[in-house]
Amino acid sequence: MIPVIRIQREDFDLSAEIAALSAGRADIGAVVSFIGLCRDEQGRLSALELEHYPGMAEAEIGRVAAEAAARWPLMGLVAVHRYGPIRPGEQIVLVLAASAHRRAAFEAADFMMDYLKTRAPFWKREHRSDGTLGGWVEAKTDDDDAAKRWEPAP
Amino acid sequence: MIPVIRIQREDFDLSAEIAALSAGRADIGAVVSFIGLCRDEQGRLSALELEHYPGMAEAEIGRVAAEAAARWPLMGLVAVHRYGPIRPGEQIVLVLAASAHRRAAFEAADFMMDYLKTRAPFWKREHRSDGTLGGWVEAKTDDDDAAKRWEPAP
Amino acid sequence: MNAVSPMATSATRTVRLVYFAWVRERVGLPEETLDIPADLATVVDLVRWLKARGENYEAAFARETLVRVALDQHHAKPQSPLGNAREIAFFPPMTGG
Amino acid sequence: MNAVSPMATSATRTVRLVYFAWVRERVGLPEETLDIPADLATVVDLVRWLKARGENYEAAFARETLVRVALDQHHAKPQSPLGNAREIAFFPPMTGG
């Protein structure tokens, strides 16, 4: 199983990604997908600008994917993360995990998102509806806590 | 938030369901979807035949959806379950949960699938590749255990 | 025995019984409308009454605890009172999803 | 002080420093190639050396613990040895996904 990892400016199509993953095979029983979308925060935002660290973004998501593949019996794993300006309602990130059974697919997708949030080198900046440039979005300690769920108990 | 629940013979399209869910709004930050597919079990199966209890299938999935909606702050919830003959590689079931944040979307989709497995009145029968009629698929105690994860600790 | 008068025991009510999957195959019918004794209190009482009706029901309910029941399209338990349920469904543990 | 000869302290090596998000804005550069003293052992040593270079670095690393680091595109910690890293990146906690 070779994970598919892409960092791109363009939008992505979930159905096409699932079709590519499952084409010509009948051993997949469960596909879990996550899509992260840009919110307008009650109309406050006109866009998010996503900055990333080219090279490391692919490498780091690849390392997270390799961990997921080692941990669950996956038949497919896809992570697509966009950069550049993204408007409210648009898609930012996609994670897809396929397995014979649902538990592995759910856990792997959940794990991927938690680690992508805390380890993938992307930074969001707000553009406000009033035309001004907003601040950099602050990291949530929630996200660190979420990622810690996957670590072995001390 | 009114859950969308459909029991149908025809296939479904995930991207279309997500588009319908999120059309014209920019408050959704996370969409988690689950698709269950028919496996061929190493070539042993030519199809699964899905029998259901019309009326109760919609009603029971509706009750599970209402529980999910009471438990998580959801902005969209879709469950589509097919019946009739389904060939390996084809889609059987779809669950979609949308929320402002990923944790609620993941948990609600996971919860929906666990309860759908143990409470929705559907039964699978195997049709074998050698042309004979196989047996009824037996329920897994795994599925009961999975559903119990959501109950309050005794 | 005074509490149960001959009139009460002969009283019946009409219910629709529906069967699915291998329960349906063993009973040999997808559904039937039956007059059942009005004094059957619980699901288990009904199952035992059905088993006395013939071998097909004996076969379907051979392992009573394996068969699930719904009263008017709501899941119920063997000890659940039948109440005024008009549609009673018997089926194996579910395997959808 | 005998252990540290003048020659050793004047030895340098060339690294590429890259900055992202508000670290980039405060430093005022997206990247730069610098000759750093070869005896800087850890990330913290490098950060303190950078802060002595100017106010822009002072501002970027005002709260040292808030800035994250990657050595040759692998996450590292303040106490991590610099080793032979050629590309050293500084950035705020990530907010992707």
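All chains are named by letter (A, B, ...) in the order of the sequence lines, taking the proteins before the strands, and each is independently numbered beginning at 1. All values derive from a computational prediction rather than experimental measurement.
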For [X], which atoms come within 4.5 Å of any heavy atom of chain A: side chain, backbone, both, or neither?
X         : answer
Ala146(B) : side chain
Asp114(B) : both
Ile18(B)  : side chain
Arg87(B)  : neither
Arg25(B)  : backbone

Salt bridge present between Arg125(B) and Glu49(B) (N-O < 4.0 angstrom):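 No, no charged N to carboxylate O under 4.0 Å.
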Aromatic ring centroids of Tyr53(B) and Trp123(B) under 6.0 Å? no
Is the ring centre of Phe106(A) less than 6.0 Å from the ring centre of Phe34(B)? yes
So which residue, Val95(A), Asp40(A), Val93(A), Leu37(A), ends up with the most heavy-atom pairs under 4.5 Å with chain B?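 Among the listed options, the one with the most contacts to chain B is Leu37(A).
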Between chain A and each of [options], count heavy-atom pairs under 4.5 Å; write down the option with the most.
options                                 : answer
Glu90(B), Arg149(B), Glu41(B), Gln91(B) : Arg149(B)
Asp27(B), Ile28(B), Asp142(B), Asp13(B) : Ile28(B)
Ala30(B), Ser15(B), Ser33(B), Ala109(B) : Ser33(B)
Ala23(B), Ala16(B), Pro88(B), Gly29(B)  : Gly29(B)

May I ask you to check whether Ser129(A) and Ser46(A) show a side-chain donor-acceptor distance below 3.5 Å? no
Could you tell me whether the side chains of Arg6(B) and Gln8(B) share a donor-acceptor contact shorter than 3.5 Å?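 Present: a donor and an acceptor within the cut-off.
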Where does the angle between the aromatic ring planes of Trp72(A) and Phe111(A) fall among parallel (under 30°), tilted (30 to 60°) and perpendicular (over 60°)? perpendicular
Kindly assign one of parallel, tilted or perpendicular to the pair His52(A) and Tyr83(A), based on the angle between their ring planes and the thresholds 30° and 60°.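 It falls in the parallel class, under 30°.
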